[in-house]
Every structure is written in structure tokens, then in C-alpha cells.
Amino acid sequence: METKTMITSRKAVRHYTGQITDDQLHNILIAANAGPVGMGEYENYRLTVIQDKDILNKMSGIYDAPTVIVVSAKEPDTMEDISAGAIVHNMELAAEDQGLGANYNMSCVGSIPNNILPTGFKGIFALTLGQTDEKFVPREIPLDRIKINIVK
């Protein structure tokens, strides 16, 4: 999908029709690893892919998604929060480029059962993923949705 078309077609999907494939997951994880991370400190982040139904059933706010990817970091602060957002955004765009449904999710992070995330890492941001029957159609985005100041 062309970049502008993909960006204007992006939407939060909360209805999933099936599990993603291993190839689709691979492409999403490549996109995550291409994400910018503050100071290039990639070793301070972890991606945890959750597809185990028993674990997913214990999590809240995931809309019955068959896959949840959690971005966690050591001692997260503002830089890690921003970097996690960039990582998740890359994954979301990669998912939708493959026709998958995806939704940014921070509310589910607190419901991840103990011992799922790597020791010493705290969940920051998650992405719910799955097959979907939703269609991604470009829409007009008003330029004044976010107020703009231009300083020349």
C-alpha cells in the first residue's frame, strides 16, 4: 500500500476474525525492530508476543484479539514511552499494510498475568492484532484537526 493511502486508511480495529500467520507476524516484528529508539538503546526493550488463549483470556480490554504484542522496557521513563509508541506505530502500519486489524492498547498492559513479561521489564504499550473483515479505505483528513502554528 502507498504510504499516504495507508496513513489515511488507518483505523482502530476491535473485531477480529482469526489468527495472524507466522509470516504476517514476522513482517510486523521486522517493522518493530525498524522503529526508532531513544539513544539507540535497543537492548532496553523487549517485545512479548502473546497468542496463548489461556493468557489472553486473563487480559482485559483486548477485544478478543488472537494476538497481543507488548512492548516493555527497563525502568521506563519519558524516552522509553515515546520509543515504545514509535515501535507500536510501526507494527500497526505493518499490520494494516498486510490487511490485518490492529488497535493501539495501553489499558490491557496492567492486566498481563505475572511472569509473562521478561524479568526486569515493565509493559508500556501493546498492540492487539488479528485477521479482520474490515476494509481500509482512504478518508479525507481535515488539516485543522490538530491546531497548527507555523513559525517562519
Side-chain angles (χ1 to χ4, degrees), residues 1-38 40-76 78-141 145:
M1 194 182 302
E2 185 223 301
T3 303
K4 184 179 177 193
T5 301
M6 183 170 44
I7 290 170
T8 59
S9 300
R10 194 209 64 73
K11 62 179 168 178
V13 174
R14 295 179 179 93
H15 173 73
Y16 304 100
T17 59
Q19 183 59 273
I20 66 175
T21 68
D22 289 343
D23 285 340
Q24 290 168 327
L25 176 61
H26 175 82
N27 291 331
I28 291 165
L29 295 175
I30 291 287
N33 279 278
V37 168
E41 295 176 347
Y42 289 91
E43 67 277 5
N44 291 332
Y45 298 85
R46 293 293 183 273
L47 300 172
T48 301
V49 179
I50 304 171
Q51 294 181 321
D52 182 296
K53 289 180 184 180
D54 291 334
I55 295 168
L56 292 170
N57 286 334
K58 295 175 184 172
M59 295 174 63
S60 62
I62 63 167
Y63 312 105
D64 296 319
T67 297
V68 175
I69 303 177
V70 180
V71 179
S72 56
K74 291 181 183 177
E75 303 174 24
T78 302
M79 182 175 75
E80 288 78 17
D81 291 347
I82 292 168
S83 295
I87 292 167
V88 169
H89 188 62
N90 268 19
M91 290 192 296
E92 194 272 347
L93 291 174
E96 289 192 359
D97 189 47
Q98 299 177 88
L100 298 172
N103 190 28
Y104 301 105
N105 194 308
M106 290 175 277
S107 65
C108 76
V109 173
S111 68
I112 299 169
N114 292 332
N115 302 319
I116 300 301
L117 300 179
T119 302
F121 287 81
K122 180 181 179 201
I124 303 172
F125 211 153
L127 187 70
T128 58
L129 294 161
Q131 301 294 338
T132 189
D133 52 13
E134 299 246 0
K135 302 295 180 222
F136 299 99
V137 179
R139 62 195 191 282
E140 275 302 310
I141 307 293
R145 241 170 126 176

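Listed by first then second residue, pairs satisfying side chain to side chain donor-acceptor pair (under 3.5 Å) with a partner in residues 117-128 read Tyr16-Thr128, not counting sequence neighbours.
Residues Asn105 and Val68 have side chains not in contact (no heavy-atom distance under 4.5 Å, counting atoms from C-beta outward). Residues Met91 and Leu129 are not in side-chain contact: their nearest non-hydrogen atoms beyond the backbone lie 4.5 Å or more apart. Counting heavy atoms from C-beta outward, Met59 and Pro113 have side chains that approach closer than 4.5 Å. A heavy-atom distance below 4.5 Å is found between the side chains of Leu47 and Ile87. For the pair Ile116/Asp52, no side-chain contact is recorded, criterion being any heavy-atom separation below 4.5 Å from C-beta on.
The number of heavy atoms from other shown groups lying within 6.0 Å of CZ (Arg145) does not exceed 12. Counted within 6.0 Å of CG on Asn57, heavy atoms from surrounding residues, nucleotides or ligands total more than 12; the atom is thus considered enclosed.
A donor-acceptor pair under 3.5 Å is formed between the side chain of Gln98 and the backbone N or O of Ala94.
Listed by chain and number, the residues in a salt bridge (Lys or Arg N to Asp or Glu O under 4.0 Å) with Arg46 amount to none (sequence neighbours excluded). For Lys11, the salt bridge (Lys or Arg N to Asp or Glu O under 4.0 Å) partners at least two apart in sequence or on another chain are Glu134.
Relative orientation of the Phe125 and Tyr104 rings is tilted, given thresholds of 30° and 60° on the angle between their planes.
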